[in-house]
Structure formats: C-alpha cells, structure tokens
Protein chains: 2
Amino acid sequence: MNTEIIAPQLEALGNARRLDLYRHLVRAGAAGLPVGSLQERLNIPASTLSHHLKRLVSTGLVTQERQSTVLICRAHYPAMNALVGFLTDECCADEGRCDTRESAA
Amino acid sequence: MNTEIIAPQLEALGNARRLDLYRHLVRAGAAGLPVGSLQERLNIPASTLSHHLKRLVSTGLVTQERQSTVLICRAHYPAMNALVGFLTDECCADEGRCDTRESAA
DNA sequence: CCATTATTTCGAAAAAAATCGAAATAATGG
DNA sequence: CCATTATTTCGATTTTTTTCGAAATAATGG
C-alpha cells in the first residue's frame, strides 16, 4: 500500500463535507444510502454532491451500486481498513494505540 | 475529537509531498530532523518546504523546537494516535483491523 | 556590531478544487 | 414511446492551494 493510493484517500477525507458524507455512509452500515438520501441529509445541490461522491468513489473509499432508479452508496471498509493500517504501520510510533517502533530506519 | 480538528489533519496528510515529509519525520524518530535536513532529503525550495511544514504544524501533527540556529521538527504522535483513533472509532465497521460495529445509530 | 547560516515571510503566478444552475443522461412504469 | 424521478455532466465562477524567488528575520560566533 503506497502513498500514491493513500495520499488521495487522505485528501478525499480531508474535506469537511466529504468527511461528513463518508461518516453518514458508515453510520448507514451495510444498507448504504441512495444519493438522493445523502442529498437531503447534507442539504447541498445535487451537482455538488455528485462531485464529492465521485472523489470518494475514485479513491476506493466508497462504492456505488445501482438498484433500479436509485444509486446506493456504501462505505468500502476494506479501503478504510487498509488506510488505517498504513497510518498505524508507517506513520505511528511511541505511545498510544499504534505500534511501538522507535526509529525503523 | 471532532471533524473540525480531524479534517484539516487529513487534508494536511493528503498531499503527497507532505505525507512524504511526515514519514521522514516518523522514521527519524524521537531525534527529529532540522528543517535544513528535510530540505536536502526532499530536495525542494526552502520556501516551499516552509509552507508545507507550517500546515503540518498548524494541525498539530508536527512540532518544532529550536536548538540554537536550527529548528528541529518532530512527528507529534499523540495527534496521529488520536487521528487513527477517530478513523477506527467513527469511520470503520465490519471486517478487518477496525472494530466490528455494524450500524451504530 | 558584523558576517554567516538557517528559516520564514512576502508577493505574485499557475494549478487545482469547490460551487452550483442548466442541460443531459439513466431507468422505470405506464 | 412518454412522463417521471434520479443522477451526472457541462460550463462558468470563485476560492484555495501550490509553487518559488527575493527579501526579511533569527540566532550564533567572532
């Protein structure tokens, strides 16, 4: 898992609107949420939402599945797990939840 | 730990150059690295580096300590640990390293 | 105080991102 | 095929970010 995958994912989540959006999907769980529901909840124009969704989808953090008329969006946990794994393995040290390396060359 | 702290941190790390920079600091461990050393390693203009460093420092992910002429930069692990904690607690679900909630709220 | 090394601020230009209305495309039911 | 609902693409504007040279500031030793 290299930085060329990780950095865009961090950037995707590093926007208040998209982080909020992503968290709505996490809370929605396996059922996911249709784009339209997200739009109501976030209360933003459809075209703006579509733009942000595209960024999340393009980094692999969100998946979409069409169910007839509606597009269901879901948080894609494997991507998030890999992201957390990267941060834990390669960006943490010392105290706390992360591992305890001190200066892995 | 709310999104007003987390989103800027994710944004700070969501830039290939800054992620690289941050990882250099992680690898440097507790000793940290002077700005000048970072500049040599990353091979970018001082003013550009200063700009990126400022962003990392302003989000709390990096600290700086002056040692006479030189400014030592260090990864600030408590911030990273809190960030990983946030992602684990509020952005993960199902399988993998993260916790196993299914549809909190 | 001056020279030197280290780092930041300033200012300006280029690149990228965010915003959103209007028009276009998708999918369905009738 | 048409009407309807759902979502995206287009196009234009504004805002933010990135970039970097030149000048300014900081800290030290002499």
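Naming convention: chains lettered A, B, ... in sequence-line order (proteins, then strands); numbering from 1 in each chain. This one's a predicted model, so the numbers in the text were calculated from it and none came from an experiment.
- Contacts between residues 64-75 of chain B and DNA chain C, defined by a heavy-atom separation under 4.0 Å, are made by B:Gln64, B:Thr69, B:Val70, B:Leu71.
- Rounding to the nearest 0.5 angstrom, the gap separating the CG atom in A:Leu56 from the CG atom in A:Leu25 is 8.0 Å.
- Side chain of B:Asp20 to main chain of B:Arg23: no donor-acceptor pair is present (N/O by atom type, distance under 3.5 Å, no hydrogens or angles).
- One atom, CD1 of B:Ile44, and another, P of D:dC20, lie 8 Å apart when rounded to the nearest Å.
- Here the CD1-CG distance, from B:Ile44 to B:Leu49, works out to 4.5 Å after rounding to the nearest 0.5 Å.
- Near-neighbour residues of DNA chain C inside residues 47-62 of chain A, defined by a heavy atom below 4.0 Å, number-ordered: A:Ser47, A:Thr48, A:His51, A:His52, A:Arg55.
- Between B:Gly60 and B:Ala79, the closest heavy-atom pair is O-CB, 3.2 Å.
- For the side-chain contact (heavy atoms from CB on, under 4.5 Å) test, residues two or more places apart in sequence or in another chain that qualify with B:His51 are B:Arg55.
- Separating the CD atom of A:Glu40 from the C1' atom of D:dT5 is a distance of 13 Å, rounded to the nearest angstrom.
- Between B:Leu19 atom CG and A:Phe86 atom CZ the span is 5.0 Å, to the nearest 0.5 Å.
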Check against side chain to side chain contact (heavy atoms under 4.5 Å, CB included), A:Lys54 and A:Val57 | CA-CA 5 Å; A:Lys54 191 157 62 172; A:Val57 169; 5.7 Å; no

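- Atom CG of residue A:Leu21 and atom CG of residue A:Leu33 lie 9.5 Å apart, to the nearest 0.5 angstrom.
- Looking at B:Asn81, its side chain never comes within 3.5 Å of a backbone N or O of B:Val84 through a donor-acceptor pair.
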Step-by-step side chain to side chain contact (heavy atoms under 4.5 Å, CB included) determination, B:Leu13 to A:Glu11: CA-CA 7 Å; B:Leu13 293 172; A:Glu11 188 186 32; over 6 Å; no

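- Within the structure, a side-chain polar atom (N or O) of B:Asn15 is placed less than 4.0 Å from OP1 or OP2 of D:dT18.
- A straight line from CG of B:Leu42 to P of C:dT7 spans 13 Å, rounded to a whole angstrom.
- In terms of modelled atom types and a separation under 3.5 Å, the side chain of B:Arg18 and the main chain of B:Ala12 share a donor-acceptor contact.
- Listed by residue number, there are no residues of residues 16-25 of chain B with a heavy-atom contact under 4.0 Å to DNA chain C.
- A donor-acceptor contact shorter than 3.5 Å links the side chain of A:Gln9 to the backbone of A:Thr59.
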Note, DNA chain D 5' to 3' with Watson-Crick or G-U pairs under 3.5 Å encoded as ( ), [ ], | and . gives ||||||||||||||||||||||||||||||

Can I get a per-line list of side-chain donor-acceptor pairs under 3.5 Å for residues 64-75 of chain B, giving both atom names and the distance, sequence neighbours left out?
| from | atom 1 | to | atom 2 | distance (Å) |
| --- | --- | --- | --- | --- |
| B:Glu65 | OE1 | B:Arg74 | NH1 | 2.8 |
| B:Glu65 | OE1 | B:Arg74 | NH2 | 3.3 |
| B:Arg66 | NH1 | B:Ser68 | O | 3.3 |
| B:Arg66 | NH1 | B:Thr69 | O | 3.1 |
| B:Arg74 | NE | B:Ala30 | O | 2.7 |

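- Going from atom CD of A:Gln39 over to atom P of C:dC20 covers 11 Å, rounded to whole Å.
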